[in-house]
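Following: one structure in structure tokens, then a few remarks.
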Amino acid sequence: WFRKDARFVYVNDAATKCCGYSRAELLSMTVHDIDPAHSPEVWPEDWESMRREESLSFESRITHKDGTLIPVEITTNLREFEGQEFAFAFVTNISKRQRSESMLQESEARFRTIFEQAAVGVAQVDSIDGKILRVNRRYCEILDMPEEALLGKTWSELTHPDDQVRDRANLQRLREGEIR
């Protein structure tokens, strides 16, 4: 909990663990001391936003006692209690989530690079209806068709009927274990 002057009036054990400060240390501090985004200069506007909205959620970074910045998601609720306004802040460390998102973005970038730069034609096909969702440049070159003409087509629409018979037979043999 904190007041309009940004002073903490209550912190739980999770807050002390997250920030690295003791309860007594945090209770002698202000929001400005641990969250650089909420400096004394912008605090009056921040407080008015909490008053106007009653509940806000946003991402920020808090400063751990050792100086490291910890990415957090903060949800604040402004309430009156015993004649005074207090903001209740619920803070969640989002370091793991941000690392996961970053790893996912890197993985997607690697996939796109491999997909686009493959020396062979590659098509991504919807597993339900068999329609082409995306193709790489080489696939378009092999079929001598622009990407726009290929998207939404199915394998059978792009394959010669004689090849369809052979491919279906090979697929059946693969399913039956004759081809490995």
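Given the structure is predicted, the values throughout are model-derived calculations rather than measurements.
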Practice prompt. Please answer: with hydrophobic residues joined when any side-chain heavy atoms are less than 4.5 Å apart, are Val120 and Phe111 in the same cluster?
Written response: yes
Worksheet item: Can you check whether Ser55 reaches Leu78 side chain to side chain, under 4.5 Å on heavy atoms?
Response: no
Worksheet entry | Asn136 side chain vs Val122 backbone, donor-acceptor pair below 3.5 Å | yes
Discussion item. Any heavy-atom pair between the side chains of Cys140 and Leu150 that's under 4.5 Å?
Written reply: yes
Discussion item. Quick check: is Phe86 connected to Val91 through a chain of hydrophobic side chains (ILVMFWY, heavy atoms under 4.5 Å apart)?
Written reply: no
Worksheet item: Looking at Glu147 and Arg137, does any basic side-chain N land under 4.0 Å from a carboxylate oxygen?
Response: no
Worksheet entry | Sub-4.5 Å side-chain heavy-atom contact between Thr76 and Phe88 | no
Worksheet item: Under 4.5 Å between side-chain heavy atoms, hopping through other hydrophobics if needed: is there a path connecting Leu151 to Leu143?
Response: yes
Worksheet item: Counting N and O atoms only, with roles assigned by atom type, does the side chain of Asp144 sit under 3.5 Å from a partner on the main chain of Glu141, one being a donor and the other an acceptor?
Response: no
Worksheet item: Can you tell if the side chain of Phe58 reaches within under 4.5 Å of the side chain of Val72, non-hydrogen atoms only?
Response: no
Worksheet item: Would the number of heavy atoms belonging to other residues, nucleotides or ligands and lying under 6.0 Å from CZ of Arg61 be above 12?
Response: no
Worksheet item: Less than 4.0 Å between a side-chain N and a carboxylate O, is that true for Arg97 and Glu59?
Response: yes
Worksheet item: Within the side chain of Glu25, is there an N or O that forms a donor-acceptor pair under 3.5 Å with the backbone of Ser22?
Response: yes
Worksheet item: Between Arg52 and Ser49, do the side chains contain an N or O donor and an N or O acceptor separated by less than 3.5 Å?
Response: yes
Discussion item. Please find the pair of heavy atoms, one from Ser95 and one from Ile70, that lie closest to each other, and give the distance.
Written reply: OG-CG2, 4.1 Å
Worksheet item: Does any non-hydrogen side-chain atom of Glu101 lie less than 4.5 Å from one of Lys96?
Response: no
Practice prompt. Walk me through it: do Glu85 and Arg51 pass the test side-chain contact (heavy atoms from CB on, under 4.5 Å)?
Written response: CA-CA 9 Å; Glu85 285 183 318; Arg51 177 180 278 150; 2.3 Å; yes
Worksheet item: Can you find a heavy atom in the side chain of Val31 that is under 4.5 Å from one in the side chain of Asp46?
Response: no
Discussion item. Using side-chain heavy atoms (C-beta onward) and a distance below 4.5 Å, is His32 in contact with Trp43?
Written reply: yes
Worksheet item: Do Glu157 side-chain atoms and Thr154 backbone N/O form a donor-acceptor pair below 3.5 Å?
Response: yes
Item to complete: Ignoring hydrogens and angles, tell me if any N or O in the side chain of Thr68 forms a donor-acceptor pair with the backbone of His64 under 3.5 Å.
Response: no
Discussion item. For Arg79, give me all partners under salt bridge (charged side-chain N to carboxylate O under 4.0 Å, His left out), at least two apart in sequence or on another chain.
Written reply: Glu54
Practice prompt. May I ask you to test the Phe115-Tyr139 pair for a side-chain heavy-atom distance under 4.5 Å?
Written response: no
Worksheet entry | Same apolar cluster (I L V M F W Y, side chains within < 4.5 Å links), Tyr21/Leu27 | yes
Worksheet, complete the sentence: The side-chain hydrogen bond (donor to acceptor under 3.5 Å, both in side chains) partner of Arg23 among Thr16, Asp13, Asn12 is Asp13
